Each structure stands twice: as C-alpha cells, then as structure tokens.
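I have placed the structure first, in the form of structure tokens, so that the comments after it can refer back to it.
Because the structure is predicted, anything quoted here is derived from the model rather than measured.
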Amino acid sequence: MEKTFYEKERNGEFTGIHALIEDGKLTIIEQEMGELEREYSRDGEIESFVFFDEGNTQKLMKTLNAKDDSCLLNTLKRKFKKHGSQMKSEICNFCDEHSIHYQTHVYY
C-alpha cells in the first residue's frame with residue numbers, strides 16, 4: 001500500500017514525499033531532483049528514506065489511533081500536510097517525541 005504525501009515541481013526543481021507499508025513496515029521516501037541537487041549528487045537526484053520496523057510501525061499506529069495500514073497513511077498525511085516539503089522531518093520529530101524508533105538512509 002502506497003500513498004503520495006507531497007509533490008511540488010517549480011522552476012525545474014521537484015520534491016516528492018511518498019509512504020508505503022509493506023509486510024507491516026512503514027517506509028517514507030523523499031525524492032528531490034533538479035539543478036540545486038547536482039551540487040550534492042552525481043545525477044541531480046537525492047533520495048532519503050525513513051524505515052520503521054514492524055513493532056515501531058505498530059507503535060506509531062497506536063499513537064495516532066489508526067486502526068489499519070490505510071488509516072495510518074491517511075492520518076499521517078492529514079496530520080503533517082501543513083508542513084509541506086518538511087513533512088518527513090516533522091514526522092521524525094513526532095516519532096522522537098513519542099519514543100518511536102526508525103532508521104534513516106540518504107542516497108546521493
């Protein structure tokens with residue numbers, strides 16, 4: 001199950017934030033592309049990931065009173081959409097405040 005949380009394209013720059021739940025594990029993916037990213041990346045694309053194991057996905061689900069995977073994705077989008085391109089960071093901050101653990105990875 002996958003859901004788009006945020007997408008914006010302007011002046012040749014693109015930012016997209018997507019989330020998916022597979023085998024009970026939540027993954028949030030932020031993708032940035034454009035000329036600005038070429039300074040940091042070989043191909044002008046930067047992808048950053050936030051990975052939750054099954055237990056912490058369940059803990060996040062309980063904290064947000066989400067009854068299933070679809071409800072969790074909808075609740076995350078609704079709760080954090082006001083943060084726009086900073087949505088992924090704000091979700092991580094929320095998880096830190098509630099002792100919900102995750103791992104991150106960035107691909108340049």
Side-chain angles (χ1 to χ4, degrees):
M1 171 171 297
E2 186 170 346
K3 186 162 200 73
T4 298
F5 282 178
Y6 176 86
E7 283 189 336
K8 185 166 189 170
E9 188 169 355
R10 185 175 56 176
N11 300 328
E13 297 291 319
F14 172 81
T15 300
I17 302 172
H18 308 275
L20 63 96
I21 298 178
E22 199 169 76
D23 298 326
K25 300 172 188 172
L26 172 65
T27 301
I28 301 171
I29 305 151
E30 181 174 349
Q31 182 180 35
E32 296 184 58
M33 295 184 282
E35 288 303 315
L36 293 174
E37 286 71 31
R38 287 196 188 282
E39 294 180 30
Y40 306 102
S41 159
R42 289 175 269 136
D43 59 2
E45 181 176 349
I46 299 171
E47 289 183 305
S48 60
F49 302 86
V50 181
F51 301 103
F52 295 84
D53 63 19
E54 197 171 345
N56 282 288
T57 298
Q58 288 296 316
K59 188 172 181 180
L60 180 58
M61 197 177 284
K62 286 180 185 177
T63 302
L64 293 172
N65 297 314
K67 64 181 186 312
D68 58 26
D69 294 351
S70 177
C71 187
L72 176 59
L73 294 179
N74 289 332
T75 301
L76 284 168
K77 183 175 181 176
R78 187 174 53 252
K79 181 172 180 62
F80 294 98
K81 71 180 175 183
K82 66 184 174 199
H83 299 289
S85 64
Q86 299 301 310
M87 179 183 268
K88 181 180 63 75
S89 297
E90 290 300 321
I91 292 170
C92 289
N93 291 340
F94 177 86
C95 290
D96 291 342
E97 292 169 7
H98 292 86
S99 299
I100 299 168
H101 304 288
Y102 54 88
Q103 294 183 341
T104 61
H105 178 74
V106 178
Y107 169 78
Y108 293 97

Lys3 side chain to Asn74 main-chain N or O, any donor-acceptor pair under 3.5 Å?
no
Using 0.5 Å steps for rounding, measure from the CZ atom of Phe14 to the CD atom of Glu45.
9.5 Å
Treating Asn56 as the side-chain partner and His101 as the backbone partner, does any N or O pair qualify as donor plus acceptor under 3.5 Å?
yes
4.5 Å side-chain heavy-atom contact, Gln103 and Phe49:
no
Same hydrophobic cluster for Ile46 and Ile17, using side-chain heavy-atom links shorter than 4.5 Å among ILVMFWY?
no
In short, Ala66 meets Cys71 closest at the heavy-atom pair CA-SG, 3.7 Å
Exercise: identify the closest heavy-atom pair between Ser99 and Lys59:
O-NZ, 2.7 Å
dist Glu22:CD -> Met1:CE (nearest 0.5 Å) comes out at 11.5 Å
To the nearest 0.5 Å, atom CZ of Phe80 lies from atom OG1 of Thr75 at 10.0 Å
Membership question, hydrophobic clusters at under 4.5 Å side-chain separation (ILVMFWY): are Phe51 and Ile21 in the same one?
no
Candidate pair Ser89 and His83, rule side chain to side chain contact (heavy atoms under 4.5 Å, CB included), full reasoning
CA-CA 9 Å; Ser89 297; His83 299 289; over 6 Å; no
Look at the aromatic rings of Phe94 and His98 and report parallel, tilted or perpendicular, splitting at 30° and 60°.
tilted
Given side chains that start at C-beta, do those of Arg10 and Thr15 come closer than 4.5 Å, heavy atoms only?
no
Any Lys8 side-chain heavy atom under 4.5 Å of Glu13 side chain:
no
Closest contact, heavy atoms only, Lys81 versus Arg78
CG-O, 3.8 Å
When rounded to the nearest 0.5 angstrom, what is the spacing between NZ in Lys62 and CG in Leu60?
12.0 Å
Are Val50 and Tyr107 connected into the same hydrophobic cluster when the rule is that any two of I, L, V, M, F, W, Y join if their side-chain heavy atoms are below 4.5 Å apart?
no
Looking at Lys25, is its backbone amide N or carbonyl O close enough to the side chain of Asp23 to form a donor-acceptor pair, meaning the two atoms are under 3.5 Å apart?
no
With the side chain counted from C-beta on, respond yes when Tyr102 and Ile28 share a heavy-atom pair under 4.5 Å apart, and no when they do not.
no
In the single-linkage hydrophobic clustering (I, L, V, M, F, W, Y; side-chain heavy atoms under 4.5 Å), do Met87 and Met61 co-cluster?
yes
Nearest 0.5 angstrom please: Thr63 OG1 to Ile100 CD1, how far?
4.0 Å
Find the distance between CG (Leu26) and CG (Leu20) and round it off to the nearest 0.5 Å.
7.5 Å
Do Leu64 and Phe52 share a hydrophobic cluster (ILVMFWY, side-chain heavy atoms under 4.5 Å, transitive)?
yes
Carefully, step by step, assess Lys77 and Tyr6 under the rule side chain to side chain contact (heavy atoms under 4.5 Å, CB included).
CA-CA 8 Å; Lys77 183 175 181 176; Tyr6 176 86; over 6 Å; no
